[in-house]
**Student:** 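Pasting in a structure now, in structure tokens, and then I'll have a few things to ask.
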Amino acid sequence: MRINTSTNTVTEQLTEAGRAIEHDSFAIIDAEAGPHDYTDEQWPLVRRMIHANADFEFNGLTAFHPEAMTAGMNAVLQSKQRGGTPIVADVEMICVGLSKPRLAHFGLSTHHYISDADVIEAAKAVNSTRAVQAMRKAQREGKLDGAIVGIGNAPTALIELVRLIKEEGVRPALVIAMPVGFVSAAESKDLMMTVNEVPWVAIKGRKGGSTLVVAAIHAMLSLAEAEQKKAD
């Protein structure tokens, strides 16, 4: 089933000129991307990531757990009934990049812990990374279960999240696994893609970044708004 987002209001650009540029960009991407095996629900997310980086390699590098899109959409659409679905990020950049009006429309809240004083002290005390300790704090704060977790910077955060899922039964609604880099970035995503217990979207290899996590979440919000309008 093809989802039409052309009538969206909350998750569109705020001006007619802005909307025209974005729509034209998406049309160019559709024309130039070539063949792909993504579903009608998955492609808007991949397309928005291509749009964010002008990099067509994400057509192929992006991988989806079979339940990823359904799980992400449900987490967004049922947010208000659940008291607000948390979005837990490895770095502040993701939280800053997300549109506040779009988040507010769905009752979503953002959380990051990597700069918290207790996280820094814990990392120093046991000679680990702040990213690892931030994921552990998110768990202690009760923010990971049912959350959308976005990781765009720190491979160690993703490795720790996989450990929490496998060893401690943590159950995010969706993991957006896109850490960028040269040390453990590709390996951390490979590890995430072995997880069956929790849905995920991941980028294969070294590429990634906070911008892509933001793009993926914004795509999910756009699809969710289209579903809301259909229901109304």
Side-chain angles (χ1 to χ4, degrees), residues 62-76 78-79 82-95 98 103 108-181 183-206 208-210 212-214 216-217 220:
T62 311
F64 292 84
H65 182 283
E67 298 173 11
M69 296 306 296
T70 298
M73 294 270 284
N74 287 341
V76 173
Q78 298 173 13
S79 174
R82 296 175 175 178
T85 296
I87 297 176
V88 177
D90 62 332
V91 291
E92 184 179 8
M93 187 182 299
I94 292 170
C95 300
L98 291 168
L103 296 176
L108 300 164
S109 59
T110 61
H111 308 268
H112 67 92
Y113 302 96
I114 198 162
S115 296
D116 290 4
D118 57 338
V119 166
I120 296 169
E121 287 304 312
K124 290 178 178 178
V126 298
N127 193 29
S128 72
T129 68
R130 291 184 295 149
V132 167
Q133 298 302 322
M135 283 297 113
R136 292 178 183 176
K137 181 171 182 178
Q139 182 202 20
R140 293 195 302 273
E141 296 284 323
K143 298 299 185 185
L144 291 181
D145 286 319
I148 296 171
V149 181
I151 299 177
N153 185 76
T156 57
L158 185 56
I159 292 168
E160 176 62 15
L161 180 61
V162 171
R163 187 194 70 79
L164 290 169
I165 291 168
K166 290 185 172 291
E167 296 183 9
E168 301 192 24
V170 169
R171 292 293 181 266
L174 176 69
V175 178
I176 300 177
M178 302 180 179
V180 61
V183 178
S184 300
E187 293 83 355
S188 68
K189 290 176 279 188
D190 287 344
L191 185 64
M192 186 72 234
M193 287 186 281
T194 68
V195 171
N196 295 317
E197 298 92 334
V198 171
W200 44 262
V201 182
I203 296 172
K204 304 170 189 175
R206 292 171 169 176
S210 298
L212 292 172
V213 175
V214 170
I217 294 174
M220 195 72 71

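Because only heavy atoms are used, hydrogens play no part in the values below, and waters and symmetry mates are left out as well, while side chains stay in.
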**Student:** Quick one: do V162 and V175 satisfy side-chain contact (heavy atoms from CB on, under 4.5 Å)? Show the steps, please.
**Tutor:** CA-CA 10 Å; V162 171; V175 178; over 6 Å; no

**Student:** Can you confirm whether R136 sits close enough to R163 that some side-chain heavy atom of one is under 4.5 Å from a side-chain heavy atom of the other?
**Tutor:**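 Result yes, sub-4.5 Å side-chain heavy-atom pair found.
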
**Student:** Is it true that, when you exclude K124 itself, more than 12 heavy atoms of the residues, nucleotides or ligands shown sit nearer than 6.0 Å to its NZ?
**Tutor:** no

**Student:** Once rounded to the nearest 0.5 Å, what's the spacing between atom NZ of K143 and atom OG of S109?
**Tutor:**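 Rounded to the nearest 0.5 Å, the NZ-OG separation comes to 6.0 Å.
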
**Student:** With rounding to the nearest 0.5 angstrom, report the CG to CD distance, D118 to E121.
**Tutor:** 9.0 Å

**Student:** According to ring pair (Phe, Tyr, Trp, His ring centres under 6.0 Å), who are the partners of F64, at least two apart in sequence or on a separate chain?
**Tutor:** Y38

**Student:** Does atom CD (E67) have a neighbourhood of more than 12 heavy atoms from anything else shown, all under 6.0 Å?
**Tutor:** no

**Student:** Could you tell me which non-hydrogen atom of G150 sits nearest to which non-hydrogen atom of I94, and how far apart they are?
**Tutor:**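 Smallest interatomic distance, heavy atoms only, reads O-CD1, 3.6 Å.
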
**Student:** Are any of the side-chain heavy atoms of Q133 and V126 separated by less than 4.5 Å?
**Tutor:** yes

**Student:** In the structure I gave you, are the side-chain heavy atoms of E92 and I114 within less than 4.5 Å of one another anywhere?
**Tutor:** no

**Student:** Please tell me if the side chains of P172 and L161 come closer than 4.5 Å, counting only heavy atoms from C-beta onward.
**Tutor:**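 P172 vs L161: side chains touch.
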
**Student:** Using modelled atom types and a 3.5 Å cut-off, is there a donor and acceptor pairing between side-chain atoms of W200 and backbone atoms of A177?
**Tutor:** no

**Student:** If you draw a 6.0 Å radius around CE in M193, do more than 12 non-hydrogen atoms from other residues or ligands fall strictly inside?
**Tutor:**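 Yes.
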
**Student:** Does R171 reach the main-chain N or O of I165 with its side chain, forming a donor-acceptor pair under 3.5 Å?
**Tutor:** yes

**Student:** Can you tell if the side chain of K189 reaches within under 4.5 Å of the side chain of K204, non-hydrogen atoms only?
**Tutor:** no

**Student:** How many angstroms lie between atom OH of Y113 and atom CZ of R130, to the nearest 0.5 angstrom?
**Tutor:** 15.5 Å

**Student:** Mind checking the CG-CE spacing from L212 to M178? Nearest 0.5 Å is all I need.
**Tutor:** 6.5 Å

**Student:** State which residues pass side-chain contact (heavy atoms from CB on, under 4.5 Å) with R82; sequence neighbours excluded, sorted by chain then number.
**Tutor:** A75, Q78, T85

**Student:** Is a side-chain donor or acceptor of D90 paired with a backbone partner of A157 at a separation under 3.5 angstrom?
**Tutor:** no

**Student:** Going by atom types alone, do T110 and H112 pair a side-chain donor with an acceptor below 3.5 Å?
**Tutor:**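 Checked: T110/H112 side chains show no N/O donor-acceptor pair below 3.5 Å.
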
**Student:** Under 3.5 Å, side chain of T194 to main-chain N/O of L191, donor-acceptor pair present?
**Tutor:**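 Side chain of T194 to backbone of L191, a donor-acceptor pair under 3.5 Å: yes, one is there.
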
**Student:** Please lay out, stage by stage, how V149 and I176 fare under the test side-chain contact (heavy atoms from CB on, under 4.5 Å).
**Tutor:** CA-CA 6 Å; V149 181; I176 300 177; over 6 Å; no

**Student:** Quick one: closest heavy-atom pair of P155 and P179, and the distance?
**Tutor:**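 Minimum heavy-atom separation between P155 and P179: N-CB, 3.8 Å.
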
**Student:** Could you measure the distance from the CE atom of M69 to the CG atom of L174? Nearest 0.5 Å is fine.
**Tutor:**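 Interatomic distance, M69 CE to L174 CG, rounded to 0.5 Å: 8.5 Å.
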
**Student:** Answer yes or no: is there a side-chain heavy-atom contact under 4.5 Å between V88 and M135?
**Tutor:**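 Of all side-chain heavy-atom pairs linking M135 with V88, at least one is under 4.5 Å.
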
**Student:** Using 0.5 Å steps for rounding, measure from the CD1 atom of I217 to the CD1 atom of I148.
**Tutor:** 6.5 Å

